[in-house]
*Asks:* 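Could you have a look at this structure, given as structure tokens, before my questions?
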Amino acid sequence: MNKQPLEDIAASPSTRLGTLSWVGMEGIALPLKVAGQAIAARASAGVSLDDPTARGIHMSRLYLALAELEDQELSLPLVAAVLDAFLESHEGLAKRAFLDLEGEALLRRPALISPLSGWKTYPFTLRCRRDAQGLHAILELSVGYSSTCPCSAALARQLIQQAFDEDFTEMPVTRESVRAWLGSDQGVLATPHSQRSQAHLAVRLDAGRDALPLLALVDRVERALGTALQTAVKRVDEQAFALANGQNLMFCEDAARRLHHALRDQPGLEGFSLRVVHAESLHAHDAVARSQWNWQEA
Ligand SMILES: Nc1nc2c(ncn2[C@@H]2O[C@H](COP(=O)(O)OP(=O)(O)OP(=O)(O)O)[C@@H](O)[C@H]2O)c(=O)[nH]1
């Protein structure tokens with residue numbers, strides 16, 4: 001073992017002077033607890049280098065401070081404590097500290113009708129910064145849902161009406177014959193197109209609130225859209241899903257407006273930006289809508 005004192009290059013003066021806006025590490029593997037579940041996450045940890053003469057920051061001090069996040073439910077006070085530790089361990093070097101945590105929240109979601117449930121992942125990134133003004137926190141979250149095209153539904157209904165006119169020329173039409181026709185393939189000879197869709201949210205959190213509103217946001221978004229992707233599904237659930245889609249026909253504009261209003265009603269948000277993406281089955285391209293409230297792109 002080397003008994004000589006270890007040279008500390010980071011502490012030596014830099015030959016080229018200059019401050020740096022961000023220095024740190026990206027892609028650090030880190031176990032987190034989100035909504036009660038242990039998940040594998042990735043952290044980006046950094047500080048500003050505000051001493052123009054200092055050669056480097058102390059990467060190990062940032063890395064070790066992350067251990068605080070390991071076994072406790074992820075919350076804003078916890079992140080604030082880690083960012084404070086970044087700054088305290090870089091006194092005289094850094095005025096701003098940064099921490100991004102990226103992972104997939106794992107939530108148990110109930111079936112629509114049956115007593116079953118299953119797991120769904122929701123990709124998220126929590127982007128936090130600590131500076132002289134305090135803590136700034138942005139939560140990005142993606143929620144999948146189903147969207148059925150209202151135009152396609154109207155066109156399909158028109159075809160069904162035409163088929164009815166052609167098939168029922170004889171009068172009188174009986175209730176039984178119409179009922180049998182409706183239950184046949186001929187009764188639903190055209191179906192609207194629907195697609196798996198994504199809502200991507202970025203919300204600026206009120207740093208005075210402790211809990212991360214991840215579960216509350218997922219619940220609010222899925223309720224507003226009405227057509228959440230399902231986990232465990234029996235036929236009774238599939239039928240309820242078909243009904244939910246029929247009752248919630250949506251262009252991407254409709255989905256974006258629904259979410260805008262739902263997020264405006266969510267307590268603890270200081271602003272948001274949202275983007276909905278309908279991966280059209282009609283086209284090989286996507287239909288996209290965006291909306292913001294009290295938001296400036298970073
Ligand atoms: N600043 C900096 N360090 C790097 C970089 N790449 C690797 N490191 C290494 O990160 C390691 C940890 O740095 P420090 O936190 O300063 O380690 P230390 O000097 O043993 O720890 P302290 O005594 O707390 O300062 C060092 O061995 C550096 O060489 C880099 O690009 N910049």
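In listed order, ligands and their atoms are each counted from 1. Along the sequence shown, residues carry numbers from 1. Just so we're clear, the structure is a prediction, and the values are computed from it rather than from any experiment.
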*Asks:* To the nearest 0.5 angstrom, please state how far the CD atom of E280 sits from the CG atom of D286.
*Replies:*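 It is 8.0 Å, given to the nearest 0.5 Å.
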*Asks:* In ligand 1, which numbered atoms sit nearer than 4.0 Å to a non-hydrogen atom of D8?
*Replies:* 19 (O)
*Asks:* Check R258 against N248 and note the closest heavy-atom contact, atom names and distance.
*Replies:*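 Minimum heavy-atom separation between R258 and N248: NH1-OD1, 2.9 Å.
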*Asks:* Under 3.5 Å, is there a donor-acceptor pair between the H58 and Y63 side chains?
*Replies:* no
*Asks:* Protein heavy atom under 4.0 angstrom of atom 26 (C) of ligand 1, is there one?
*Replies:* no
*Asks:* Using atom types as modelled, flag every donor-acceptor pair under 3.5 Å from a side chain in residues 218-232 to any protein atom, sequence neighbours excluded.
*Replies:*
| from | atom 1 | to | atom 2 | distance (Å) |
| --- | --- | --- | --- | --- |
| D219 | OD1 | R109 | NH1 | 3.2 |
| D219 | OD1 | R109 | NH2 | 2.8 |
| R220 | NE | Q266 | OE1 | 2.6 |
| R220 | NH1 | A262 | O | 3.1 |
| E222 | OE1 | R109 | NE | 3.4 |
| E222 | OE1 | R109 | NH2 | 2.8 |
| E222 | OE2 | K120 | NZ | 3.0 |
| E222 | OE2 | Y122 | OH | 2.7 |
| T227 | OG1 | S146 | O | 2.5 |
| Q230 | NE2 | A228 | O | 2.8 |
| T231 | OG1 | R109 | O | 3.3 |
| T231 | OG1 | G118 | N | 3.1 |

*Asks:* Below 3.5 angstrom, do we get any N/O pair linking I57 and ligand 1?
*Replies:*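 N/O-N/O distance under 3.5 Å: yes.
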*Asks:* Work out which heavy atom in G46 is nearest to a heavy atom in L62; give both atom names and the distance.
*Replies:* CA-CD1, 3.9 Å
*Asks:* Out of E7, R61, M59, H58, whose heavy atom sits nearest atom 30 (C) of ligand 1?
*Replies:*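 Checking each option, the heavy atom nearest atom 30 (C) of ligand 1 is found in M59.
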*Asks:* Looking at atom 7 (C) of ligand 1, would you say a protein heavy atom lies below 4.0 Å from it?
*Replies:* no
*Asks:* Quick check for you: to the nearest 0.5 Å, what is the distance between L269 atom CG and W293 atom CH2?
*Replies:*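 The CG atom of L269 sits 7.5 Å away from the CH2 atom of W293.
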*Asks:* Any protein heavy atom sitting closer than 4.0 Å to atom 20 (O) of ligand 1?
*Replies:*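 Looking at atom 20 (O) of ligand 1, one finds that no protein heavy atom lies closer than 4.0 Å.
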*Asks:* Which residue and atom name correspond to the protein heavy atom nearest atom 15 (O) of ligand 1, and how close is it?
*Replies:*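 Nearest neighbour among protein heavy atoms for atom 15 (O) of ligand 1, to 0.1 Å: S60 OG, 2.5 Å.
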